[in-house]
K.L.:
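Quick one: structure below, then a few questions.
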Amino acid sequence: MRRYGKHTDEDDIRSRPNRKGNRPRTHIRPKHEDACEGMVLTVDRGRLTCLVGDRIIMAMKARELGRKAAIVGDRVALVGDLSGTKDTLARIVRIEERTSVLRRTADDDDPYERVVVANADQLAVVTALADPEPRPRLIDRCLVAAYDGGLTPLLVMTKSDLAPPDKLLELYGDLDIPYVVTSREELENGGAADRVRAFLAGRTTAFVGHSGVGKTTLVNALVPKDRRRVTGHVNAVTGRGRHTTTSALALPLDGTDDWVIDTPGVRSFGLAHIDPSRVIHAFPELEEGTEGCPRACSHDEPDCALDAWVAAGHADPARLYSLRRLLSTRERTEGD
Ligand SMILES: Nc1nc2c(ncn2[C@@H]2O[C@H](COP(=O)(O)OP(=O)(O)OP(=O)(O)O)[C@@H](O)[C@H]2O)c(=O)[nH]1
Ligand SMILES: [Mg+2]
Ligand SMILES: [Zn+2]
C-alpha cells in the first residue's frame, strides 16, 4: 500500500524524448501529501458522499484514478475543498487497498463483475420468514459470495411475527453460521436492535438480501435517524407505495468504530466470478482433505477425496453435504 511519501516515485516521472535539445520535460504526478483520509458513504451518479473526520463531504473521482471506481466502504484520500460547505466538491485522488470485496454479477452468464461493497468484514444475509417467502437458493448464493469475498456470514431472519424460523434453522444449522431472529414487536421495543448489535461489535457489516425483507428497517433501528439524514441519501418509492433502497449506504454506529452498510434489494446474486477454492477456505476441516483431490476437482465428482476424508472421521459428513450444496448453487438457476 502506498503511503503519503515525501518523495516522488520513479514511475511517476515520465520523461519525454528530448527532441529539440532543450531540457527534458518531466511530468511529475502530484503526491497529494496534504490529502485527507475519508470513507465513502454512498455513491450517486459519479458523486460520492464521504465522511472525513466528522464532516460530510461531496466528492468526485480525480481523473488520475482512471477507470478505477470508488465504491461504498472504500477508504479514500481526498484533496480540494474539504469544508463540506454546500455546493463544494472535493476530489478523490487515491483509493486505499481494500481488505475485502463483495462482488456479484447480474446473472451467471454475465462476465461483468460489480463490486457491491468494499472493506466489509461481515455479510448479514437478511431473509424474511414470510412476505416475501424465504428463498434458500438466494441465501446460499449470498453465503458463497461472502466466503469468496472473505466476509464472515451472519444470518438475519426477520418477520418472525409472520412465520416461525424452524425450517430455515434446520437447513442452515450444519453450516455453523451465527444467526438472529427478529420480529415487528422487537423492532418497536428495541429488542431487535440490541440483539443484532451484539453481532456488529468491532466490525463493518453489509446487509444484503431480497427486496422487502427488512434490511433498511433494521438499519434504521440501529442508527439514529438524523445520522442518515445528513448523508442526503434518498430512497425510491415502489409501485406499491413502499420505499425501496436504490443505492448502498454506509452508516457509523454511534459511539463505536463499527459500521453498517444498507444495500439495495437483489433478485439474484450472480456468481460467475467465484473461485471454489476460496469457498472451501471457509471449511478448514474439509480444506485439509482436498490435498488428495484430482487437479481442479469440483469436489462433487467420483474421484473427490473428500468422501474418504469424511468416512475416515476427519470431518462431519453434514458439513461436506452443506459445502456441496453451496458449491452446486453455482450450477443451478435462481428459480430452483
Ligand atoms: N411484519 C413485519 N414487517 C416487517 C418487519 N421488518 C420489516 N418489515 C416491513 O417490511 C417492509 C419492507 O421493509 P424494508 O426495510 O424497506 O425492506 P428492505 O429489505 O430494505 O427492501 P429494499 O430496500 O427494497 O431492498 C416494510 O413495510 C417494513 O415495515 C418485521 O419484523 N415484521
Ligand atoms: Mg431497503
Ligand atoms: Zn475434491
K.L.:
Check whether any side-chain heavy atom of Y172 lies under 4.5 Å from a side-chain heavy atom of I139, and answer yes or no.
P.N.:
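Yes; the side chains approach each other to less than 4.5 Å.
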K.L.:
Go through the steps for R278 and D148 under the test salt bridge (Lys or Arg N to Asp or Glu O under 4.0 Å), then give the verdict.
P.N.:
CA-CA 5 Å; R278 286 201 297 253; D148 179 70; 2.8 Å; yes
K.L.:
Determine the minimum heavy-atom distance between L78 and C50, stating which atoms define it.
P.N.:
CD2-SG, 4.1 Å
K.L.:
Would you call L326 and Y147 a side-chain contact if the rule is heavy atoms closer than 4.5 Å?
P.N.:
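Yes, at least one pair of side-chain atoms sits under 4.5 Å.
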K.L.:
I'd like to know if the side chain of D74 reaches the main chain of I71, judged simply by a donor and an acceptor atom lying under 3.5 Å from each other, with no hydrogens or angles considered.
P.N.:
yes
K.L.:
Is the count of non-hydrogen atoms from other residues, nucleotides or ligands lying under 6.0 Å from E185 atom CD greater than 12?
P.N.:
no
K.L.:
Taking the basic N atoms (NZ, or NE/NH1/NH2) and the acidic carboxylate oxygens, is any pair closer than 4.0 Å for R135 and E133?
P.N.:
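Judged by the 4.0 Å cut-off on N to carboxylate O distance, R135 and E133 do not form a salt bridge.
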K.L.:
Under a 4.5 Å side-chain heavy-atom rule over Ile, Leu, Val, Met, Phe, Trp and Tyr, are I177 and L169 clustered together?
P.N.:
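Yes.
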K.L.:
Does L155 form a side-chain contact (heavy atoms from CB on, under 4.5 Å) with L168? I'd like the steps, not just the answer.
P.N.:
CA-CA 10 Å; L155 263 182; L168 267 190; over 6 Å; no
K.L.:
Any donor and acceptor pair, going by atom type alone, linking the side chain of K215 with main-chain N or O of I261 inside 3.5 Å?
P.N.:
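Not a single qualifying donor-acceptor pair exists.
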K.L.:
Would you confirm whether D161, through its side chain, and R184, through its main-chain N or O, come within 3.5 Å as a donor-acceptor pair?
P.N.:
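Answer holds: yes.
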K.L.:
So does A248 get a backbone contact from the side chain of D262, meaning a donor-acceptor N/O pair under 3.5 Å?
P.N.:
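Not a single qualifying donor-acceptor pair exists.
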K.L.:
Is it true that a side-chain atom of S183 and a backbone atom of E186 form a donor plus acceptor pair closer than 3.5 Å?
P.N.:
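Judged by distance alone, yes, a pair lies under 3.5 Å.
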K.L.:
Taking the side chain as every heavy atom from C-beta outward, state whether L253 and V260 have any pair of such atoms under 4.5 Å apart.
P.N.:
yes
K.L.:
Would you indicate whether E301, at its atom CD, is surrounded by more than 12 heavy atoms from other residues, nucleotides or ligands within a distance under 6.0 Å?
P.N.:
yes
K.L.:
Hey, are the side chains of T216 and N220 touching, using non-hydrogen atoms and a 4.5 Å cut-off?
P.N.:
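Touching, per the 4.5 Å side-chain cut-off.
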K.L.:
I'd like to know if the side chain of T205 reaches the main chain of Q122, judged simply by a donor and an acceptor atom lying under 3.5 Å from each other, with no hydrogens or angles considered.
P.N.:
no
K.L.:
If you measure only the distance, is there a donor-acceptor pair under 3.5 Å linking the side chains of S298 and D300?
P.N.:
no
K.L.:
Please answer whether the main-chain N or O of T49 pairs with a side-chain N or O of T42 as donor and acceptor at a distance below 3.5 Å.
P.N.:
no
K.L.:
Is there a side-chain contact (heavy atoms from CB on, under 4.5 Å) between L51 and W259? Walk through the geometry before answering.
P.N.:
CA-CA 12 Å; L51 184 69; W259 290 81; 3.6 Å; yes
K.L.:
Are the side chain of D121 and the backbone of T204 linked by a donor-acceptor contact shorter than 3.5 Å?
P.N.:
yes
K.L.:
Assigning hydrophobic clusters by single linkage (Ile, Leu, Val, Met, Phe, Trp, Tyr; side-chain heavy-atom cutoff under 4.5 Å), is V266 placed with V72?
P.N.:
yes
K.L.:
Under 3.5 Å, is there a donor-acceptor pair between the side chain of R195 and the main chain of T182?
P.N.:
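No, R195 side chain to T182 backbone: no donor-acceptor pair under 3.5 Å.
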K.L.:
Would you name the heavy atoms of R141 and G270 that are closest together and state the gap between them?
P.N.:
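Smallest heavy-atom distance, with atoms named: NH1-CA, 4.0 Å.
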K.L.:
List the steps, then state whether side-chain contact (heavy atoms from CB on, under 4.5 Å) holds for L323 with I280.
P.N.:
CA-CA 7 Å; L323 170 70; I280 294 163; 4.1 Å; yes
K.L.:
Side chain of N119, backbone of G73: donor and acceptor closer than 3.5 Å?
P.N.:
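Yes, the answer is positive, given that a donor and an acceptor are paired below the 3.5 Å cut-off.
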K.L.:
Taking a hydrophobic cluster as the set of Ile, Leu, Val, Met, Phe, Trp and Tyr residues connected by side-chain heavy atoms closer than 4.5 Å, whether directly or through intermediates, do V52 and V79 fall within one such cluster?
P.N.:
no
K.L.:
Quick check on R47: does its CZ atom have over 12 non-hydrogen neighbours (other residues, nucleotides or ligands) under 6.0 Å away?
P.N.:
no
K.L.:
I'd like to know whether NZ of K68 has more than 12 heavy-atom contacts from other residues, nucleotides or ligands below 6.0 angstrom.
P.N.:
yes
